[in-house]
Number of protein chains: 2
Amino acid sequence: MPVTAFSVLAETTEEADAEREAPRRKEHIRNAAVADILAAAEAVFARAGFAGATMAEIADGAGVPKANLHYYFRTKASLYQAVLDNTLTLWLSETDGITMDADPATALGDYIRAKMRLTATHPDASRVFANEMLHGAPQIGDYLRNELKALVDEKSKAIEHWAKQGKIDPIDPRHLFFTIWAATQTYADFQPQVCAVLGKSKISRAELDRATDQLVTLVLKGCGVKIA
Amino acid sequence: MPVTAFSVLAETTEEADAEREAPRRKEHIRNAAVADILAAAEAVFARAGFAGATMAEIADGAGVPKANLHYYFRTKASLYQAVLDNTLTLWLSETDGITMDADPATALGDYIRAKMRLTATHPDASRVFANEMLHGAPQIGDYLRNELKALVDEKSKAIEHWAKQGKIDPIDPRHLFFTIWAATQTYADFQPQVCAVLGKSKISRAELDRATDQLVTLVLKGCGVKIA
DNA sequence: GTCTATACCTGGATAGAC
DNA sequence: GTCTATCCAGGTATAGAC
């Protein structure tokens with residue numbers, strides 16, 4: 001699970017000076033330790049939340065001394081913000097297929113499948129996001145009100161267009177998104193409950209495929225989508 | 001939002017002695033402060049999680065000095081457990097209507113509406129539960145594997161019976177429950193996201209009614225339930 | 001039973017050697 | 001650039017007066 005974006009690194013003006021006027025884009029990952037730190041931080045923040053996570057635990061997970069965390073990321077809050085930024089870029093993706101002239105069954109089905117895949121491959125990212133949400137979204141409130149709202153507004157127009165053409169029931173697209181997001185992310189966020197009810201110690205690939213197929217069917221049929 | 005069950009009170013053997021052999025059931029709420037403490041604790045644990053919550057904040061919310069919390073509940077963990085116990089009793093309710101000989105449309109529709117009402121009236125309970133889940137359910141794992149699993153197993157048999165009678169599509173009832181739980185609780189747990197996308201500062205009663213109606217329609221139609 | 005004052009400890013952050 | 005040792009704030013829990 002490699003991490004690729006480091007938007008909130010601690011500023012190192014000395015190094016910037018040393019590079020003179022060299023283009024910013026020339027900057028690259030200075031040390032693999034940074035990636036390890038972000039990966040370890042995601043796991044710890046996912047399980048313990050911001051308050052419950054300790055820098056010592058993250059340092060252990062990354063295999064570096066505690067002080068190095070404060071060298072790369074000045075504060076615990078900065079490190080948390082960097083982890084959040086990574087998860088948000090993940091969340092915005094996958095909606096490309098939902099357009100006015102797309103086939104609803106294909107577009108919605110593919111979107112749900114993609115969301116479920118994301119939940120399976122990045123469960124910790126889902127949990128970090130959920131934690132932030134539960135605590136009132138102090139860090140990402142602006143993101144939700146701007147980028148996310150704009151994206152949903154645009155996609156909602158496409159779905160309303162489908163409805164005008166009789167390709168889907170006249171539903172509220174926003175609440176449909178809430179339902180899809182919740183139903184997919186629950187397999188990461190509420191994993192202990194899912195495992196307990198199913199009587200299993202982990203959610204198997206086959207089980208998740210069954211869940212995905214059922215959810216796709218439920219949504220398409222429930223919205224009156226004509227299967228092309 | 002009165003709190004009614006106090007299963008994990010700190011033990012006061014002195015008082016028990018004073019009561020001699022008096023029946024346990026004769027015990028009653030010794031002080032309204034205890035109810036205030038539990039109510040305040042639920043709110044604080046919901047917003048901050050277990051680690052993020054502080055005893056000082058809870059004491060402030062309840063209007064009592066910090067030390068009194070440790071008098072009624074020996075530790076922070078005991079207080080948290082007491083809050084959790086209250087929420088779990090809430091969660092188990094509302095499934096009474098789902099029986100083999102019930103009408104699927106009525107039973108499922110009523111259940112979804114009841115769950116959504118619960119989300120609206122007890123959002124903090126939902127958030128405390130979600131927090132515990134996200135952190136791996138260390139306190140309530142046993143409850144999930146026993147009481148909850150037994151309940152879902154029983155209700156699943158009823159739904160499978162409906163399917164044999166052709167009253168509903170042959171779906172997996174467990175995943176249907178996961179979807180319903182997630183789709184309803186998201187309006188409490190992910191409230192900041194819902195508000196941001198809708199462009200509102202709070203979720204109005206009317207908005208939640210729309211969401212409820214749409215979800216009931218989605219589920220009933222999506223499962224091929226015949227409307228009686 | 002109730003509250004004030006305090007002891008003790010965890011954990012974030014930093015100074016300074018290498 | 002990297003790490004060891006340390007400082008200090010904040011928070012749980014308790015002792016002891018009333």
Side-chain angles (χ1 to χ4, degrees), chain A residues 6 8-19 27-38 40-41 43-45 47-84 135 138-139, chain B residues 6 8-19 27-38 40-41 43-45 47-83 135 139:
Chain A
F6 319 115
V8 191
L9 294 178
E11 322 218 358
T12 55
T13 44
E14 301 78 9
E15 189 187 55
D17 287 352
E19 283 182 359
E27 287 180 5
H28 60 285
I29 305 168
R30 294 171 300 173
N31 198 309
V34 176
D36 292 344
I37 291 171
L38 280 167
V44 175
F45 282 132
R47 183 167 33 75
F50 177 75
T54 69
M55 297 296 269
E57 198 180 352
I58 295 171
D60 274 3
V64 301
K66 206 172 54 155
N68 289 28
L69 267 51
H70 287 97
Y71 174 72
Y72 289 112
F73 306 88
R74 258 201 299 279
T75 66
K76 183 185 181 183
S78 303
L79 177 54
Y80 178 68
Q81 182 71 51
V83 171
L84 260 185
H135 296 22
Q139 307 296 319
Chain B
F6 318 116
V8 191
L9 294 176
E11 322 218 358
T12 54
T13 45
E14 301 77 8
E15 190 186 52
D17 287 351
E19 282 181 359
E27 288 179 4
H28 60 284
I29 305 168
R30 295 171 301 175
N31 198 311
V34 176
D36 291 345
I37 290 172
L38 280 167
V44 175
F45 282 132
R47 183 168 32 75
F50 177 76
T54 69
M55 296 297 268
E57 198 179 352
I58 295 172
D60 274 3
V64 301
K66 210 171 50 158
N68 288 28
L69 267 51
H70 287 97
Y71 174 72
Y72 289 112
F73 306 88
R74 255 202 301 278
T75 66
K76 183 185 181 182
S78 302
L79 177 53
Y80 178 67
Q81 182 71 50
V83 171
H135 295 21
Q139 308 296 318

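Please read these numbers as outputs of a predicted model, since none were measured by experiment. Lettering follows sequence order; numbering is per chain, from 1. When reading the values below, keep in mind they use all heavy atoms of this one structure, side chains included, and skip hydrogens, waters and symmetry mates.
Interatomic distance, A/Gln139 CD to A/Tyr80 OH, rounded to the nearest 0.5 Å: 6.5 Å. A distance of 9.5 Å separates CD1 in B/Ile58 from CG in B/Leu38, rounded to the nearest 0.5 Å. The distance from atom CZ of B/Phe45 to atom NZ of B/Lys76, rounded to the nearest 0.5 Å, is 6.0 Å. If you take CD1 on B/Ile37 and CG on B/Leu79, they are separated by 7.5 Å, rounding to the nearest 0.5 Å.
Rounded to an integer number of Å, the gap from B/Ile58 CD1 to D/dG11 C1' is 12 Å. The interatomic distance linking B/His70 (NE2) with C/dT6 (C1') rounds to 14 Å, in whole Å. Rounded to whole Å, atom P of C/dC3 lies 14 Å from atom NZ of B/Lys66. The separation between B/Phe73 atom CZ and C/dG1 atom P is 14 Å, rounded to whole Å. At whole-Å resolution of the value, CD in B/Glu57 and P in D/dG10 are 14 Å apart. Between the OH atom of A/Tyr80 and the C1' atom of C/dG12 there is a distance of 17 Å, given to the nearest Å. Straight-line distance from the OH atom of A/Tyr72 to the C1' atom of C/dG12: 19 Å, rounded to whole Å. At whole-Å resolution of the value, CG in A/Leu79 and P in C/dA13 are 10 Å apart.
Position along DNA chain C of the nearest nucleotide to A/Ala67 versus A/Gly52 favours A/Gly52 as the more 5'-ward residue.
Closest to the side chain of B/Asn68, from the set D/dT12, D/dC3, C/dC3, is C/dC3. Picking from D/dT2, C/dG12, C/dT4 the nucleotide with the shortest atom distance to the side chain of A/Lys76 gives C/dG12. When distances run from any side-chain atom of A/Tyr71 to the nucleotides D/dT2, C/dA13, D/dT12, the shortest one goes to D/dT2.
Residue contacts shown for B/Ala53 are limited to sugar-phosphate atoms, with no base heavy atom under 4.0 Å away.
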